[in-house]
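The sequence lines fix the lettering, A, B, ..., with proteins before strands; numbering per chain opens at 1.
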Amino acid sequence: MELVLIFKLADEWFGLEVNDLQEIVESPELNYVPRSPDWILGAMNFHGNIVPVLDLAKYMGLADSAYGDRVVVLPIGQKALALGVSGIHRIVPLDPDLMLPCQQEEQKELHIRMLYNHDGTMVNMLDLPSLLSSLETL
Amino acid sequence: MRVEITYKFIMGFIIVVASIVILNLVVPMLGIAEVWQQLVSVGGAILVGLVLGSLFSKAFTSNIKIISAAAERISNGDLSQPIQLKDSKFPDETVDLAISLNKVNENLKELVGRVRDASVKVSDSAHGLSATSEEMTASSHELSNTVEQISRGAEVQAETVEKTSRLIKEMAVNTELVAASSIKVADAVDVTAQTAQGGGEKARHTTERMMQILQDVERSGEQVVNFGAQLGKIGKIVEVINGIAQKTNLLALNATIEAARAGEYGRGFAVVAEEIRKLADSTTASSEEITDLISHVQDEGQNVESSLRDNIKEMDEGRKAIDLTNKAFEEIIATAVNTQTKATSISELSQKQIEGANLMVNAIEEISQVVSDNAAATEEGSAATEEQSAAMSEMAHSAQELATYAETLAENVKRFRFENELPGA
């Protein structure tokens, strides 16, 4: 059964498959990264790896800054990255029947794959590959 | 040589007789006839008698005439000329008479002069007396008027004294009322002082009780503050618990992620992780509830504290008010004691005043007696003065009469004139 981490970005709920993430960290020590864009909060030490932390809400244009001292670390592989989010809700099992498609425009700008109806709350399912590729292009 | 008339007559008679005798002797010798001898001797004797008689009578009658003329002059008041008789070899009684008349004349002169002077003086004195007595009459009239005024004044004085006596009696009555009132005031003030002392006592009790309450309230306030501080400590502990719960939650999430990654082997672990997450969630929920409660209780405690502070302030003000009341009572007591002393002294003073007023009444009554006596005496004096005035008038009248008499006397004396004076001058 697929599990989904539901987290908060500004005033909206977002979801990410548990298989796509490494760990959830609370308030890491952030180091300044020289010549980084303003949506990079800094770099954290994750078990000896230097991982840049992305201000996701700012990057996606949802808010000026909505970092809430919670960082979602993606698996250390081809590219190390951590997402600074407003808050963590919980991990819930995913019911595929409740998945809804979303509009194309939203998908492009916000990197949203689909919408998930979690007990009446609309959760934007984050399109991680799209997000990562957009970062690659920069 | 002085010869009295008698002797002169005797001498004349003797000479006539002697001539008769001598003729009787001489004639027969002359040769005259005897028929004629008798006749010649008688005729010679008659001739001698006639010659002698005419000589004597001439001398005598001339003197008598002079004296009689002088007496006539004197009787007419002419005292200017003394009697001058012809010198005679043989002065007789006519000369004595002339000398006597001259003396009379002199004496009269002197007397009339004196009478004149006296009458002038009497007249002057009478005029003076009359004027003086008129003045005295006027004075006595004035005196009479004055005495009448005094009499009236004495009557007024008597009335005034009576009024004064009445007023002093009224004053004495009023003073008695004042004394009674001051005694009442003293009693009332005594009651007031006692009441004020009671009030002061109660105010002191109230202050003590309020102080106790205030201390209790302050203690309660401290307790509330302590309670708040302890609640704050609990809140901190709850925060710690909350942090632990959140970390536990995170650990559970990561455990879930790890279990998911482990696949089939991690399923049981995932269940445990879920249970742990639930526990952590419920812990968070509970700690949030506790935090809410704490903040609620802290708010309440702050309300209680502020209301306690308000209470303390109000009680402080109440205490001040009671202090003021207490002071006011003390002042009332002091004033009451003062007033009591004054009222007592007023009472004593008014008692003395009453005695003094009674003495005054007696004195005034004596004065009244004296004044009535005075009035009576003055009336008598007035009557006496009027009598005196009448007597003075009479005296003036008498003085005028005296003056008239003196003038009459002077008038009477005026017809006597001295040398070179015209009659009636």
Inset, instruction - Select one option (side chain, backbone, both, neither) describing which atoms of A:Leu3 are under 4.5 Å from chain B's heavy atoms. - result: side chain

Inset, instruction - Using a heavy-atom cutoff of under 4.5 Å, enumerate the residues of residues 258-272 of chain B that contact chain A, numbered in order, or state 'none'. - result: B:Ala260, B:Arg261

Inset, instruction - Check whether A:Arg70 gets within reach of chain B through its side chain, its backbone, both or neither, counting any heavy atom under 4.5 Å. - result: side chain

Legend entry - Carboxylate-amine/guanidinium contact B:Lys327 B:Asp323, below 4.0 Å: no

Legend entry - Heavy-atom proximity to chain B below 4.5 Å, by part of A:Glu2: neither

Inset, instruction - Count the heavy-atom pairs under 4.5 Å between each of A:Val25, A:Ile24, A:Leu21 and chain B, then report the option with the highest count. - result: A:Ile24

Legend entry - Donor-acceptor side-chain pairing of B:Gln340 and B:Asp190 below 3.5 angstrom: yes

Inset, instruction - Examine whether an atom of B:Leu253 lies under 4.5 Å from a heavy atom of chain A, and if so say whether it belongs to the side chain, the backbone or both; otherwise answer neither. - result: both

Inset, instruction - Apply side chain to side chain contact (heavy atoms under 4.5 Å, CB included) to A:Ile40 and A:Asp55, showing your working. - result: CA-CA 6 Å; A:Ile40 292 292; A:Asp55 191 345; over 6 Å; no

Inset, instruction - Would you please say whether a donor-acceptor pair under 3.5 Å links the side chains of A:Ser134 and A:Tyr59? - result: yes

Legend entry - From CD1 (A:Ile91) to CD (B:Glu274), nearest 0.5 Å: 8.5 Å

Legend entry - Test applied, ring-ring contact (aromatic ring centres under 6.0 Å, His included); reference residue, A:His89; option that passes from A:Phe7, A:Trp13, A:Phe14: A:Trp13

Inset, instruction - Please determine, by modelled atom types, if A:Glu12 and A:Asn124 share a side-chain donor-acceptor pair under 3.5 angstrom. - result: yes

Legend entry - Distance (rounded to the nearest 0.5 Å) between B:Ile183 CD1 and B:Glu348 CD: 10.0 Å

Legend entry - A:Ile88 portion near chain B, given a 4.5 angstrom heavy-atom threshold: side chain

Legend entry - Donor-acceptor under 3.5 Å (A:Asp95 side chain, A:Asp97 main chain): yes

